[in-house]
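Inspection log for the structure reproduced underneath, given as structure tokens.
Heads up: numbering here begins at 1 and tracks the sequence. Every value quoted in this text rests on a predicted model; they were computed, and no experiment measured them. Each ligand, and each atom within it, is numbered from 1 in the order the structure gives.
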Amino acid sequence: FYRDEFTARSAAVRVRFGAGIRKAVAEEIKALGASRALILTTPQQAAMADEFAALCGPAAIGRFTGATMHTPVDVSEQATALARELGADVLVSVGGGSTTGLGKAIALRTDLPQIVVPTTYAGSEATGILGQTENGVKTTLTSPAVQPELILYDAELVTSLPVGMTVTSALNAMAHAAEGLYARDRSPLSSLMAVEGMRAFRDSLPTVMSRPDDVAARGQTLYGAWLCGTVLGQVGMALHHKLCHTLGGSFDLPHAETHAVILPHALAFNAKAVPDLLAPVSELFGHDNPGLGLWHFARDAGAPLALRDLGLKESDLDRAADLASANPYWNPRAVTREGIRGVLGAAWAGNEPA
Ligand code: NAD
């Protein structure tokens with residue numbers, strides 16, 4: 001992965017890893033010099049807020065269980081008002097990317113430190129990126145102000161992730177690593193992490209699919225999530241992410257499922273331009289075409305394979321191709337409307353990527 005010239009960035013993040021490590025949350029709050037924690041979750045994970053309130057002890061001064069998809073600004077402002085009213089001095093975000101997003105949005109407005117306890121593989125906890133929506137428009141910013149200070153990766157908390165979400169969330173994470181391999185601003189470190197992150201998922205996902213409560217295998221998947229999320233925080237993304245952004249934003253397709261379907265096709269498309277950079281993916285998944293290798297892996301893991309199964313109509317494909325090719329962006333292979341239409345058509349039908 002050596003390059004003649006590169007710039008490497010890394011954030012000042014403390015990471016603790018281990019089954020049961022959530023029990024260290026009270027001591028970590030203290031270590032941050034804090035004593036008034038606001039606990040954040042989604043409504044679906046409200047029971048998790050109760051567990052964390054108990055773990056935080058007297059430092060738990062409140063909870064907000066209204067985190068939701070796409071980090072709507074009105075929800076963030078409501079939660080920020082609660083944090084101010086309670087005099088919170090630290091945020092404890094327990095959940096997936098939606099909950100982490102809410103914590104980041106509050107941190108942006110208050111500069112409060114964040115402890116994140118991830119329960120999916122999305123990887124947001126490892127980045128300084130925040131996507132927010134207001135009046136149906138999603139904007140993304142990158143700032144050290146939203147980068148969480150501490151991550152507690154506890155494999156016991158992902159055993160409850162349903163099998164379907166497990167596989168789509170894993171592929172969502174792997175997409176960050178895969179696109180990281182050809183990013184213009186990649187460094188030897190980001191590429192090493194990308195390959196190791198994908199390897200961790202390749203080795204552990206089949207076990208997790210058959211034994212969802214296997215804590216050792218879940219630990220491996222969380223390790224993959226950390227590495228893939230860290231890659232996302234360090235380098236820029238390309239075709240795959242732009243396509244998913246268009247499909248999610250304009251056609252309301254579900255986030256992680258869309259990533260799972262598009263990734264093999266986007267990689268097959270880009271592999272024609274940068275086969276050498278994607279060779280590690282070919283090696284990991286045992287096909288000369290890295291997209292095809294990943295497609296087989298996804299299929300064997302029971303991932304969705306077709307956009308039509310996610311609710312996209314065939315008649316939407318042309319508009320999707322128009323939208324996805326309207327604003328030019330960097331990609332290792334020239335992005336044409338025709339090329340994008342081809343990728344979308346194959347992904348819609350669920351064909352093997354060519
Ligand atoms: P999510 O956080 O929306 O979670 C989906 C649902 O699963 C929620 O109801 C949640 O409560 C539930 N859930 C989460 N963990 C669970 C568990 N262990 N057991 C049972 N239920 C559980 O989904 P996500 O895929 O983690 O996050 C997606 C969001 O994160 C998107 O909005 C995406 O844009 C954002 N994201 C941001 C970044 C970034 O760097 N800013 C990175 C990745 C994803």
Side-chain angles (χ1 to χ4, degrees), residues 11 13 22 39-49 51-52 64-73 75-76 93-105 107-108 114 116-133 138-148 151 153-177 179-180 197 208 212-213 215 218 221-222 225-237 240-242 244-249 252-260:
V13 183
R22 66 186 179 286
I39 299 161
L40 311 172
T41 68
T42 60
Q44 294 79 10
Q45 287 178 289
M48 204 70 102
E51 181 181 349
F52 271 79
F64 182 91
T65 58
T68 186
M69 283 250 290
H70 308 306
T71 326
V73 164
V75 174
S76 301
S93 311
V94 188
S98 297
T99 303
T100 306
L102 174 64
K104 288 175 164 181
L108 181 70
Q114 303 165 68
V116 182
V117 190
T119 65
T120 72
Y121 309 129
S124 176
E125 66 282 356
T127 83
I129 306 168
L130 169 64
Q132 309 188 85
T133 48
K138 183 166 179 174
T139 52
T140 302
L141 62 85
T142 302
S143 163
V146 303
Q147 178 95 41
I151 312 172
Y153 283 109
D154 188 334
E156 288 170 4
L157 298 183
V158 270
T159 55
S160 60
L161 194 64
V163 169
M165 270 187 68
T166 294
V167 63
T168 54
S169 190
L171 286 161
N172 182 190
M174 290 163 80
H176 303 140
E179 288 226 292
V208 161
D213 55 359
V215 173
R218 285 285 188 180
T221 53
L222 267 188
W226 171 46
L227 293 170
C228 294
T230 305
V231 172
L232 173 67
Q234 294 192 352
V235 305
M237 298 284 113
H240 168 79
H241 280 80
K242 300 289 175 184
C244 293
H245 192 92
T246 301
L247 293 167
D252 215 21
L253 296 198
H255 177 84
E257 287 88 339
T258 305
H259 274 272

Begin from the C-alpha positions of Thr41 and Phe52 and carry the test side-chain contact (heavy atoms from CB on, under 4.5 Å) through to its verdict.
-> CA-CA 10 Å; Thr41 68; Phe52 271 79; over 6 Å; no

What atoms of ligand 1 come closer than 4.0 angstrom to any heavy atom of Lys104?
-> 39 (C), 40 (O), 41 (N)

Does ligand 1 have an atom that lies less than 4.0 angstrom from a heavy atom of Lys138?
-> yes

Examine His245 together with His241 and report whether their ring centres are nearer than 6.0 Å.
-> no

Nearest protein heavy atom to atom 16 (C) of ligand 1, by residue and atom, and its distance?
-> Gln45 NE2, 3.3 Å

Without swapping roles, check the side chain of Thr99 against the backbone of Leu40 for a donor-acceptor pair under 3.5 Å.
-> no

Spell out, as yes or no, whether a donor-acceptor pair under 3.5 Å connects the side chain of Thr166 to the backbone of Leu161.
-> yes

Please work out which of Ile129, Thr119, Leu232, Thr127 has its closest non-hydrogen atom nearest to atom 18 (N) of ligand 1.
-> Thr119

Note: ligand 1 atoms sitting under 4.0 Å from heavy atoms of Ser98 are 1 (P), 2 (O), 3 (O), 27 (O), 29 (C), 30 (O)

For the residue pair Lys104 and Ser93, confirm or rule out a side-chain donor-acceptor distance under 3.5 Å.
-> no

To the nearest 0.1 Å, how far is atom 28 (C) of ligand 1 from its closest protein heavy atom, and which atom is that?
-> His255 CD2, 4.0 Å

Look at atom 19 (N) of ligand 1 and find which of Ser160, Pro254, Ser169 reaches it with the closest heavy atom.
-> Ser160

Of the choices Gly229, Gly97, Ala46, which has the non-hydrogen atom that lies closest to atom 23 (O) of ligand 1?
-> Gly97

Thr42 heavy atoms within 4.0 Å reach ligand 1 at atoms 10 (C), 11 (O)

His259 side chain near His240 side chain, heavy-atom distance below 4.5 Å | yes

Return a yes/no value for Gln44: is any of its N or O atoms, backbone included, closer than 3.5 angstrom to an N or O of ligand 1?
-> yes

Would you mind running through ligand 1 and noting each atom that sits below 4.0 Å from a heavy atom of Leu157?
-> 18 (N)

Reported CG-to-OG1 distance for the pair Leu157 and Thr120, which is rounded to 0.5 angstrom = 11.5 Å

Ligand 1 atoms nearer than 4.0 angstrom to some heavy atom of Ser124 are 37 (C), 38 (C), 39 (C), 40 (O), 41 (N), 42 (C)

Which of the listed options, Gly123, Ala126, Ala122, holds the heavy atom that is closest to atom 44 (C) of ligand 1?
-> Ala122

Check: Thr133 side chain, His70 main-chain N or O, donor-acceptor pair, under 3.5 Å = yes

Which atoms of ligand 1 have any heavy atom of Gly96 under 4.0 Å away?
-> 2 (O), 26 (O)

Looking at CD1 of Ile129 and CD of Gln147, how far apart are the two atoms once the value is rounded to the nearest 0.5 Å?
-> 9.0 Å

